[in-house]
Amino acid sequence: MRYYGPHQVKVATWNVNSIRARLNHACEWLGRHQPDVLCMQETKVVDDDFPTDEFMRLGYGVAMAGQLAYNGVAILSRLPMKDIGIGLAGQSLDADKRVIAATISGIRVFSCYVPNGKSVASPAFQEKLAWLEQLRQTLDATVDPKSDVLVCGDFNIATDERDVFAPELFRGKTHFHPDEHRALAKLRAFGLKDAFRELHSEGGLYSWWDYRAGGFRKNEGLRIDYVFLSESLSARCASAIMDREPRRLDKPSDHIPVLVELT
DNA sequence: ATGGTTGTAACACAA
């Protein structure tokens with residue numbers, strides 16, 4: 001005999017730029033889209049002050065790894081989470097809180113906040129490249145590329161010209177530099193597909209717009225937030241959207257959610 | 001406009 005259980009899963013990622021400042025936006029968005037899982041980045045809060053109760057009232061379990069003022073990642077899930085882990089392979093406990101992982105419905109889910117990199121000449125740029133290399137090593141050490149793996153978050157890298165409002169302006173700079181493209185390609189060579197790109201080939205669709213200079217109004221943005229899927233999951237991906245609605249609200253995050261449906 | 005805005009936290013820094 002055979003048994004096939006229900007395993008449709010909706011997974012989203014959103015850099016909320018402070019979960020306390022964005023609590024209402026996040027709760028409204030969860031109610032509207034009913035994702036099973038929401039990965040968040042830049043929660044900007046220590047674990048004791050995370051608004052855990054508000055999400056639990058909505059039926060979500062909460063796994064978080066935060067720090068004072070900066071960074072911070074979390075996974076909300078209304079399906080059970082197990083084997084929660086934080087940080088990258090070989091990282092010390094006091095490293096920036098930029099990655100948290102959990103296994104949900106047999107899927108190993110990583111919520112990632114890749115370092116911004118500041119400017120190409122800055123040491124932070126090399127640290128960004130090294131961080132991506134360590135993320136690849138973490139995947140190699142902890143998961144099988146033939147299994148169900150979902151790596152999502154704010155990668156602070158636009159993949160190609162379609163993902164940058166002014167490629168000629170950004171080329172060679174942070175977020176659109178060949179070294180970043182090589183680092184991201186090495187990560188993806190683990191066996192990860194860009195869920196949104198698999199289903200949408202047009203340019204000009206962005207996940208982030210600068211708060212300054214009317215970036216959103218002019219659609220001067222970047223696509224830097226991704227859901228990457230291993231082969232087995234990519235085959236199950238029925239939809240992938242980037243929801244611009246939350247960016248229109250009062251006091252929005254500068255990023256919008258990316259949402260995938262796995263059937 | 002080597003500017004512009006936002007969040008946190010402390011009177012700057014990161015994005």
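Not measured: the values here are computed from a predicted model. Proteins come first, then strands; the chains are lettered A, B, ... in the order of their sequence lines, and each starts at number 1.
Taking the C1' atoms as reference points, dG4(B) lies 13 Å from dA15(B), given to the whole Å. dA14(B) and dA9(B) are spaced 14 Å apart, taking the P atom of each and rounding to whole Å. Here, dT5(B) and dA1(B) have their C1' atoms 15 Å apart, quoted to the whole Å. Atom C1' of dT8(B) sits at a distance of 23 Å from the matching atom of dG3(B), rounded to the whole Å.
An OP1 or OP2 oxygen of dT2(B) is reached within less than 4.0 angstrom by no side-chain nitrogen or oxygen of R212(A). Distances shown here put a side-chain N or O of K251(A) below 4.0 Å from the OP1 or OP2 atom of dG7(B). Contact between the side-chain N/O atoms of R22(A) and the OP1/OP2 oxygens of dT6(B) is not found at any separation under 4.0 Å.
Residues D254(A) and L68(A) both approach DNA chain B. Their nearest nucleotides, taken by heavy-atom distance, put L68(A) toward the 5′ side. Mapping A213(A) and D154(A) onto DNA chain B by nearest heavy atom places A213(A) at the nucleotide closer to the 5' end.
A straight line from CG of D210(A) to C1' of dT2(B) spans 15 Å, rounded to a whole angstrom. Residue E42(A) contributes atom CD, which lies 13 Å from atom P of dA9(B) at whole-angstrom precision. Atom OH of Y211(A) is separated from atom C1' of dT6(B) by 5 Å (rounded to the nearest Å). For I19(A) and dT8(B), the CD1 to C1' distance is 15 Å, given to the nearest whole Å. Distance, H25(A) NE2 to dT6(B) C1': 13 Å, rounded to whole Å. Here the P atom of nucleotide dT6(B) and the CH2 atom of W208(A) are 13 Å apart, to the nearest Å. Between the C1' atom of dT6(B) and the CZ atom of R20(A) lies a distance of 15 Å, rounded to the nearest Å. The separation between K118(A) atom NZ and dC13(B) atom C1' is 8 Å, rounded to whole Å.
The neighbour count for R78(A) CZ, taken as heavy atoms of other residues, nucleotides or ligands under 6.0 Å away, is above 12.
Salt bridge present: R136(A) and D140(A) bring a charged side-chain N and a carboxylate O closer than 4.0 Å.
Using a 4.0 Å heavy-atom distance criterion, F216(A) is classed as making no nucleic acid contact. Within the nucleic acid shown, R98(A) comes within 4.0 Å of sugar-phosphate atoms alone, with no base atom in reach, counting heavy atoms only.
The distance from atom CH2 of W14(A) to atom CH2 of W29(A), rounded to the nearest 0.5 Å, is 7.0 Å.
Y226(A) places a side-chain N or O within 3.5 Å of a backbone atom of I157(A) that can act as its donor or acceptor partner.
Ring geometry for F228(A) against F155(A) counts as perpendicular: the plane angle is over 60°, on a 0 to 90° scale with 30° as the lower cut.
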